Structures are given as C-alpha cells and as structure tokens.
Amino acid sequence: MSFSQKILEWYYIHKRDLPWRSTTDPYKIWLSEIMLQQTRVAQGMPYYHKFLENFPTVQDLASAPEEKVLKLWQGLGYYSRARNLHATAKMVVVDYNGNFPNTYKELKALKGVGDYTASAIASICFDIPEPVVDGNVYRVLSRYFGVDLPINSTQGIKYFKDLAREVMDVKNIRDYNQGIMEFGAMQCAPKSPNCESCPLNTSCVALKEIRVSQLPVKINKTKIRQRYFNYLVYLDKDNRTILEQRQGKGIWQNLYQFPLLETENLVGHKELTQILNGNLKDSTNKVAMYNKEPIVHKLSHQHLHTRFWILEMDELNSKAIPWEKVHNYPVPVLLADFIKTFKI
DNA sequence: AAAGCGGGGTC
DNA sequence: GACCCAGCTTT
C-alpha cells in the first residue's frame with residue numbers, strides 16, 4: 001500500500017471531530033487556518049467560535065472596527081494575523097464581491113496567506129491538488145524518508161514541498177492533506193512518538209536507522225533580547241487612567257497600553273522619578289511601585305522585565321478614561337493580567 | 001538568508 | 001530551561 005493510502009486509512013480511523021472539518025466554506029476554512037498558524041488546536045478553538053459568533057459572514061468581519069477584531073483576538077498572539085485578517089476580509093468584500101478566490105495564486109495574494117495557507121484553502125475548499133507543508137508535514141516526511149535537510153533552509157523548504165507533491169493523493173487531496181497533518185500531530189509526535197503502533201513503521205527510514213529523535217533538522221538560534229518596561233498607571237481622583245495605542249513596527253502593534261517608560265536596566269523608585277522629573281506634572285501626588293519583583297513576560301525573542309507604577313494624580317487631561325472602561329480595549333496579556341488583579 | 005512576531009503546552 | 005505549535009512578512 002502506498003504512503004498516501006496508509007495516511008488516509010489511519011486518518012479515517014483516528015481523525016478528531018473538529019468544527020472546521022464539517023464544512024468547505026472558504027470563510028470558515030480561511031478563519032481557522034489563520035488562527036491555527038503557529039497555534040495549537042486547543043488554543044485556537046475558543047477563538048474560532050468567538051469570531052464566528054461575532055462575525056457570521058466575511059461582510060460582518062469587514063465592516064467591524066479594527067479595535068473590535070483585535071479585542072476578540074486578544075491573547076492569541078501574533079497580532080499581525082488579526083490585522084491582516086481584517087484587511088483580507090475587506091479585500092474579499094470589495095474586490096471579490098464577498099466570495100473568496102478559488103485559485104492558489106489568488107489566495108496566496110491575500111494578506112496573511114502564505115504558501116501553506118493558500119494550499120490548505122485551495123485543497124480543502126476547492127479540491128485543488130496542492131500539498132500542504134506545515135510543521136507536522138515536515139516532521140512526517142523527514143522521518144519517513146530520512147531527510148536531514150534543515151526544514152527552515154531555502155533548500156529544505158523547496159525539497160520538502162517537492163517531496164510532498166510527489167507523495168500526495170491527488171484524488172482525495174482534502175482528506176489527504178488534513179490526514180498527514182493530523183498524523184503528524186497525533187501519531188508522529190515531536191517527542192516520543194508511538195512508533196510501535198505506527199502503520200508506517202515497517203518502511204520508516206528514521207525508525208529503521210534509529211534517527212527518529214534527530215529528525216526533523218532545524219537550524220535556529222533566536223537570541224533573546226532582555227528589555228525593561230515601566231508601565232505608568234496614572235489614576236486621578238475619579239479613578240480615570242491613561243491608555244495609549246502602540247504605534248510603529250515592534251511588538252503588539254495597534255494594541256493599547258499604559259504609558260510606557262523603557263529603560264536600559266531595572267530601575268528603582270529614585271531613578272524612575274528622576275527620569276520622570278522633567279515630565280512629572282505638578283498634579284502628581286505619589287508614585288508607588290506596584291510590584292517589587294519584576295514580572296518577566298516571555299515572548300519568542302524578548303523577555304520583558306516589567307514593573308507597574310501607580311501614579312496618583314490630582315487631575316488628568318480630558319483624554320483620560322474611566323477605569324471601568326479599560327477592559328474594553330485590546331491589550332497584551334501582560335497588561336490584561338495586571339488589570340485583572342489590580343484593585344483600585 | 002535571517003530576523004521579527006505571542007502565548008501557551010509539554011517534557 | 002528547550003522545544004514546538006495547521007507560518008507570514010519584512011529586512
């Protein structure tokens with residue numbers, strides 16, 4: 001039996017019943033695929049339901065304010081996905097009259113849709129024989145065929161895409177593509193896969209050569225930047241505070257936060273007030289350190305050593321917002337956790 | 001080709 | 001701690 005037939009047989013027995021598996025609606029498939037980029041099914045699932053409730057159609061999503069999209073996305077990470085999701089919804093409504101394009105090329109031209117996602121939508125929605133290559137597929141193919149080309153090198157990416165195309169089942173691309181991904185997630189797991197019960201264990205090169213734990217090969221060395229954040233939580237006598245929207249290129253683009261003072265190192269009360277002194281308003285009554293032990297918020301390539309400072313004010317300008325409204329704004333998890341625990 | 005981009009689960 | 005997750009975009 002061929003590789004693809006074994007995958008399909010395994011899939012029909014072991015497939016999970018996931019909500020996006022019972023539809024070929026491009027809107028729902030696209031939504032699920034964007035959400036699941038670099039994200040586990042369990043983490044993305046509640047967001048998928050939440051988005052469909054709030055935005056039943058692509059028109060609903062397109063006509064929503066970006067702030068609402070970001071708020072619903074809050075906690076899922078990689079927020080460019082939410083911004084691109086919104087932009088693509090508008091493009092589909094305006095340029096495609098509300099109907100998603102049905103070719104790989106047009107799909108890939110949509111914002112936030114790369115090679116993987118275009119292939120996934122094309123195959124699942126339109127039965128186009130285009131192989132998907134995600135993290136699961138890299139793992140399955142590299143092990144089964146014993147390929148040690150780095151999966152994140154230019155050569156490796158092309159090699160595995162070509163290999164995936166050779167071994168795919170063009171007659172049943174929908175199930176095959178989802179099957180090989182599911183197989184990678186459930187059976188050919190990253191750590192201690194269950195090779196004993198694997199239907200491919202008689203022909204798997206990595207198993208035969210005892211290289212399962214060494215494949216796939218990945219070259220990466222993301223060095224982590226240490227940053228020191230001081231969030232200035234202003235509070236006036238009416239319990240109003242200041243929130244700003246993050247601008248520019250870095251993390252958390254377009255999300256909201258308290259005014260941020262970033263320093264080169266951890267600073268104490270004295271240094272902070274010295275730095276602030278030039279800008280400190282006369283109406284500042286008290287500056288209090290909220291957390292003595294800095295909170296270390298860990299991102300993929302940054303560790304954010306964070307202190308919150310409470311600045312009691314006589315008055316704030318007219319842009320101040322009541323504390324009860326703070327929870328309406330999209331904020332990073334770091335701030336959401338603080339807001340949750342902080343009692344006025 | 002390499003870096004930047006979140007947050008959470010698992011071992 | 002290290003690694004990974006239905007990757008994409010920018011530099």
Side-chain angles (χ1 to χ4, degrees), chain A residues 15-16 18-21 28-48 70 73-85 87-88 107-124 131-140 150-158 160-161 164 174 176-186 188-193 213-214 216-225 227 246 248-255 296-304 330-337:
Chain A
K15 68 180 275 197
R16 290 170 289 181
L18 302 175
W20 46 87
R21 291 225 168 113
K28 293 179 180 175
I29 298 298
W30 163 73
L31 182 64
S32 71
E33 292 298 344
I34 300 296
M35 284 182 167
L36 293 177
Q37 287 168 5
Q38 293 291 283
T39 304
R40 288 169 197 282
V41 166
Q43 191 186 0
M45 185 85 75
Y47 289 84
Y48 177 77
L70 286 173
W73 198 272
Q74 179 178 310
L76 199 54
Y78 285 154
Y79 296 93
S80 65
R81 290 185 296 171
R83 300 190 300 270
N84 288 333
L85 188 84
T88 288
L107 286 165
K108 189 164 181 314
L110 300 172
K111 283 188 181 180
V113 176
D115 182 88
Y116 162 78
T117 305
S119 303
I121 300 173
S123 60
I124 295 170
V132 294
V133 184
D134 73 334
N136 295 305
V137 176
Y138 279 122
R139 187 166 54 255
V140 173
I151 62 173
N152 54 346
S153 65
T154 304
Q155 274 195 354
I157 291 168
K158 176 168 172 37
F160 282 102
K161 179 82 179 183
R174 266 193 190 103
Y176 170 77
N177 270 346
Q178 297 185 78
I180 189 171
M181 290 191 285
E182 187 85 333
F183 182 82
M186 312 290 289
C188 195
K191 296 204 170 167
S192 49
S213 66
Q214 301 167 39
V217 173
K218 193 174 183 178
I219 42 169
N220 216 351
K221 247 315 196 262
T222 59
K223 52 176 182 285
I224 294 174
R225 177 155 72 120
R227 302 178 72 180
R246 284 185 69 92
K249 302 256 89 173
I251 58 175
W252 302 331
Q253 200 176 69
N254 291 9
L255 272 65
V296 185
H297 188 74
K298 295 177 178 178
L299 307 181
S300 299
H301 354 350
Q302 300 184 20
H303 285 185
L304 310 175
V331 298
V333 164
L334 172 64
L335 293 195
D337 287 345

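Atom set for the values below is all heavy atoms of this structure, side chains included, hydrogens, waters and symmetry mates excluded. Just so you know, these numbers come straight off a predicted model, no measurement behind them. Every chain is numbered from 1, with letters handed out A, B, ... down the list of sequences.
Contact record, A:Gln214 with A:Val217: O-CG2, 3.8 Å, taken as the closest heavy-atom pair. Closest of all the heavy-atom pairs between A:Ile180 and A:Asn177 is CG2-O, 3.3 Å.
Side-chain atoms of A:Arg174 come within 3.5 Å of backbone atoms of A:Ile124 as a donor-acceptor pair (strictly under, hydrogens ignored). With A:Arg227 contributing its side chain and A:Gln302 its backbone, the two residues share no donor-acceptor pair below 3.5 Å.
Under the side chain to side chain donor-acceptor pair (under 3.5 Å) criterion, A:Gln38 pairs with no residue at all, not counting sequence neighbours. Scanning for salt bridge (Lys or Arg N to Asp or Glu O under 4.0 Å) contacts around A:Arg40 gives an empty result, with sequence neighbours left out. The salt bridge (Lys or Arg N to Asp or Glu O under 4.0 Å) check on A:Arg83 picks up nothing, with sequence neighbours excluded. Listed by chain and residue number, A:Phe160 satisfy the ring-ring contact (aromatic ring centres under 6.0 Å, His included) test with A:Tyr138 (two or more places apart in sequence, or in another chain).
Inter-residue side-chain proximity for A:Tyr79 and A:Ile251 is flagged as unmet; no heavy-atom pair is nearer than 4.5 Å. Put simply, the side chain of A:Asn84 does not reach to within 4.5 Å of the side chain of A:Leu110, judged on heavy atoms.
Comparing A:Lys298 and A:Tyr78, the nucleotide of DNA chain C nearest to each residue sits closer to the 5' end for A:Lys298. Sequence order on DNA chain B of the closest nucleotides to A:Arg83 and A:Lys223 puts A:Lys223 first from the 5' end. Nearest-nucleotide positions on DNA chain B for A:Ser153 and A:Arg81 put A:Ser153 closer to the 5' end.
In this structure, the NZ atom of A:Lys218 is 14 Å from the P atom of B:dA3, given to the nearest Å. In this structure, the CG atom of A:Asn136 is 12 Å from the C1' atom of C:dG7, given to the nearest Å. One atom, OH of A:Tyr48, and another, C1' of C:dC5, lie 19 Å apart when rounded to the nearest Å. When the C1' atom of B:dG7 is taken as reference, atom CD of A:Gln74 falls 12 Å away, rounded to whole Å. As a whole-Å value, the separation of A:Leu255 CG from B:dC5 P is 13 Å. With rounding to whole Å, A:Ile219 atom CD1 is found 14 Å from C:dC3 atom P. One atom, CD1 of A:Ile151, and another, C1' of C:dC5, lie 12 Å apart when rounded to the nearest Å. Counting to the nearest Å, the P atom of B:dG6 and the CG atom of A:Leu85 are 15 Å from each other.
Among the atoms of the strands shown, none is found under 4.0 Å from any heavy atom of A:Asn177. A:Gln302 comes within 4.0 angstrom of the backbone, heavy atoms only, and of no base. Note on A:Arg139: only backbone sugar-phosphate atoms sit closer than 4.0 angstrom, heavy atoms only; bases stay farther off. Across all strands shown, A:Ser300 has heavy atoms under 4.0 Å from base atoms, whether or not it also approaches the sugar-phosphate. Contact annotation for A:Gly75: backbone-only contact, meaning every heavy-atom pair under 4.0 Å involves sugar-phosphate atoms and none involves a base. Looking at heavy-atom distances under 4.0 Å, A:Gly250 makes contact with sugar-phosphate atoms alone, never a base.
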Protein-nucleotides 9-11 of chain C N/O pairs closer than 3.5 Å?
from: C:dT9; atom 1: OP1; to: A:Gly112; atom 2: N; distance (Å): 2.6

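Not one side-chain nitrogen or oxygen of A:His301 sits closer than 4.0 Å to the OP1 or OP2 atom of B:dA3. Remark: A:Tyr138 is not in phosphate contact with C:dC4, judged by side-chain N or O atoms under 4.0 Å from OP1 or OP2. Dashed line: the shortest gap from a side-chain N or O of A:Trp73 to OP1 or OP2 of B:dC5 is not under 4.0 Å.
In this structure, of C:dC3, B:dG6, C:dA6, it is C:dA6 that holds the atom nearest to the side chain of A:Leu18. For A:Glu182, the side-chain atoms get nearest to C:dA6 when compared with the rest of C:dC4, C:dA6, C:dG7. Proximity note for A:Thr117 (side chain, C-beta onward) versus B:dG8, C:dC4, C:dG7: the nearest is C:dG7.
For the segment residues 28-42 of chain A, residues with any heavy atom less than 4.0 angstrom from an atom of DNA chain B are, sorted by number, A:Gln38, A:Thr39, A:Arg40.
Comparing C:dC3 with B:dG6, their C1' atoms sit 15 Å apart, to the nearest whole Å. Comparing C:dC8 with B:dG8, their P atoms sit 22 Å apart, to the nearest whole Å. On the C1' atoms, B:dC5 is 14 Å away from C:dC5, given to the nearest whole Å.
Residues A:Tyr116 and A:Gln37 bring no donor and acceptor atom of their side chains to less than 3.5 Å of each other.
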